[in-house]
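One structure is given below, encoded as structure tokens.
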Number of protein chains: 2
Amino acid sequence: MRKPEADPEIEARRYGPIPDKIDPAIEALVDDIIGKVADKWTMLILEALHENGTLRYTELRRKVEGISQKMLTQTVRRMEEDGLVRRTVHPIIPPHVDYTLTPLGDSLSKAFCGVWIWAETHYDEIQQARQAFAAARSGEVHS
Amino acid sequence: MRKPEADPEIEARRYGPIPDKIDPAIEALVDDIIGKVADKWTMLILEALHENGTLRYTELRRKVEGISQKMLTQTVRRMEEDGLVRRTVHPIIPPHVDYTLTPLGDSLSKAFCGVWIWAETHYDEIQQARQAFAAARSGEVHS
DNA sequence: CCGGATCCGCAGGGATACTG
DNA sequence: CAGTATCCCTGCGGATCCGG
């Protein structure tokens, strides 16, 4: 399911020049958004929901390996606040809450697609770089 | 300079099906890389170097607004270790150290390009979503 | 002087226990 | 089941010091 679907809106701008950010207020805003969005857990949750469509709390927790309940709740709430995720509570017992991407969240997950592809394509180069770095370190002359 | 240059390698795979990650070891590796790369400072440094080509420590510090010296050094060192950045020390007085992206780092910055475009395109929608969320909160019946 | 290492105070994240 | 509350500890930011 992790297919690199192209977001038409992004594709449309992909080969046109992006107006270089001039307005510092806009720049700060964009940087702020990057700050919230360029987060490990945000990205992994985004991916999990993009792959699975709709997930319940516990399902999401299982898909996003290693996340704590606190960070799952916290991150998903901020994503809801930012309009990336829709949270639906079914008032039954036992409780049933499911999460799904909004169109906005879906567009972001598509924007991140290139990064996933990059990671899948280049992870071996990173490992090589780390080994080379470690080798250089140990080979250094310690004055 | 923030142009959405297309990475040929990514573009080539963009419309083909990505082999769904099956090997859990690879998956863990990719998630690990995402964990390091999906970081606010990493992304902002990547962007600064992509825009400017080569920067000295202090220049980089000025381009990446709000970063502390500690996080700048720390992040840039990890990026060097992962092969994203090349760090060149000129042994002169006063010291002169400059940073530039490796081809690997450059390819990552291109992969992140879609996210920048997304942020620039949708930041107003996020703000609206936040206001709507706040309005819904204040309009709630508090039990 | 530049680049960065070090120390410290505090916020943020992890693990666990508890509740509607 | 889906969180909240609590404790604890890592990790970040800010200030200061240092080597070249």
Side-chain angles (χ1 to χ4, degrees), chain A residues 28 31-32 34-45 48-49 52 54-82 85-100 133 136-137 140-143, chain B residues 28 31-32 34-45 48-49 52 54-82 85-100 133 136-137 140-143:
Chain A
D31 279 14
D32 172 65
I34 293 296
K36 310 212 170 198
V37 136
D39 166 71
K40 177 187 178 182
W41 297 132
T42 302
M43 207 170 148
L44 291 172
I45 292 173
L49 290 176
N52 298 280
T54 297
L55 290 173
R56 300 181 54 170
Y57 184 87
T58 308
E59 292 171 336
L60 190 53
R61 183 156 147 58
R62 210 173 306 120
K63 295 285 180 187
V64 182
E65 191 135 0
I67 196 172
S68 62
Q69 307 94 310
K70 189 182 186 177
M71 287 316 292
L72 177 54
T73 301
Q74 184 175 311
T75 306
V76 99
R77 287 289 161 83
R78 214 185 45 199
M79 290 171 75
E80 187 194 7
E81 192 171 342
D82 290 346
V85 159
R86 184 173 46 237
R87 176 169 172 271
T88 310
V89 182
H90 299 89
I92 58 174
I93 293 176
H96 183 126
V97 181
D98 44 35
Y99 298 92
T100 188
F133 188 83
R137 268 264 172 260
E140 265 176 14
V141 180
H142 300 288
S143 66
Chain B
D31 280 13
D32 173 66
I34 292 296
K36 310 211 171 198
V37 138
D39 167 71
K40 178 187 178 181
W41 297 132
T42 303
M43 209 172 146
L44 289 172
I45 291 173
L49 290 177
N52 298 281
T54 297
L55 290 173
R56 300 182 54 171
Y57 184 87
T58 309
E59 292 171 336
L60 190 52
R61 183 156 147 59
R62 209 173 308 119
K63 295 285 179 187
V64 182
E65 191 134 358
I67 196 171
S68 63
Q69 308 93 313
K70 189 187 194 173
M71 287 315 293
L72 177 55
T73 301
Q74 184 175 314
T75 307
V76 99
R77 287 288 162 82
R78 214 186 45 199
M79 291 172 74
E80 186 194 9
E81 192 171 343
D82 290 345
V85 159
R86 184 172 46 237
R87 176 169 172 271
T88 311
V89 181
H90 299 90
I92 58 173
I93 294 175
H96 185 126
V97 181
D98 43 36
Y99 298 92
T100 188
F133 188 84
R137 266 264 173 262
E140 266 177 13
V141 180
H142 299 289
S143 73

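Just so we're clear, the structure is a prediction, and the values are computed from it rather than from any experiment. Numbers restart at 1 for each chain; the letters A, B, ... are given by sequence-line order, proteins then strands.
Within the 4.5 Å cutoff, the side chain of Tyr57(B) has heavy atoms near those of the Thr73(B) side chain. Under the 4.5 Å side-chain criterion, counting only non-hydrogen atoms from C-beta, Arg87(B) is in contact with Arg77(B).
Here the closest heavy-atom approach between residue Glu81(A) and residue Phe133(B) is recorded as CG-CD2, 3.4 Å. When all heavy atoms are compared, the tightest approach of Met43(A) to Ala38(B) is SD-CB, 3.6 Å.
Screening Leu55(A), Ile45(A), Val76(A) for a side chain to side chain contact (heavy atoms under 4.5 Å, CB included) with Val64(A), the sole residue that qualifies is Ile45(A).
Under 4.0 angstrom from either OP1 or OP2 of dC1(D) there lies no side-chain N or O belonging to Thr58(A). In this structure, Trp41(B) does not reach the dG11(D) phosphate: none of its side-chain N or O atoms is under 4.0 Å from OP1 or OP2. In this structure, Arg77(B) reaches the dA5(C) phosphate: one of its side-chain N or O atoms is under 4.0 Å from OP1 or OP2. The phosphate of dC12(D) (OP1 or OP2) has a side-chain N or O of Gln74(B) nearer than 4.0 angstrom. Look at Arg87(A) and you'll find a side-chain N or O under 4.0 angstrom from OP1 or OP2 of dG3(D). Put simply, Arg56(A) has no side-chain N or O that comes within less than 4.0 Å of OP1 or OP2 on dC1(D).
In this structure, His90(B) places its NE2 atom 14 Å from C1' of dG3(C), rounding to the nearest Å. In this structure, CD of Gln69(B) is placed 16 Å from P of dC18(D), rounded to the nearest angstrom. For Met71(B) and dA11(C), the CE to P distance is 18 Å, given to the nearest whole Å. Atom CZ in Arg62(B) sits roughly 10 Å away from atom P in dC2(C) (whole-Å rounding). Computed from coordinates, the Asp39(B) CG to dG13(C) P distance equals 12 Å when rounded to whole Å. Look at CD1 on Ile67(A): it is 14 Å from C1' on dA2(D), rounded to the nearest Å. Remark: C1' of dG3(C) and CG of Leu60(B) are 12 Å apart, rounded to the nearest angstrom. As a whole-Å value, the separation of Leu72(B) CG from dG3(C) C1' is 10 Å.
Among the atoms of the strands shown, base atoms are found under 4.0 Å from some heavy atom of Pro95(B). The residue Arg61(B) sits apart from the nucleic acid: no heavy atom pair falls under 4.0 Å.
Of the candidates dC2(C), dG4(C), dG13(D), dG13(D) carries the atom nearest the Ser68(B) side chain, counting heavy atoms from C-beta on. The side chain of Thr73(B) lies closest to dG4(C), out of dG4(C), dC1(C), dC12(D).
Within 6.0 Å of atom CD in Glu59(A), more than 12 heavy atoms from other residues, nucleotides or ligands are found, so the atom counts as buried in its surroundings.
Panel note: side chain His96(B), backbone His90(B); no donor-acceptor pair is recorded below 3.5 Å.
Terminal axes of the helix from dC1(C)-dG20(D) to dG20(C)-dC1(D) (five pairs each, C1' rotation axis) are separated by 30°, to the nearest 10°.
Where Lys70(A) and Val76(B) each meet DNA chain C at their nearest nucleotide, the meeting point lying more 5' is that of Val76(B). Nearer the 5' end of DNA chain C, as judged by each residue's closest nucleotide, is the contact made by Ile93(B), out of Ile93(B) and Tyr99(B).
Contacts of Asp32(B) classified as salt bridge (Lys or Arg N to Asp or Glu O under 4.0 Å), with partners at least two apart in sequence or in another chain: Arg130(A).
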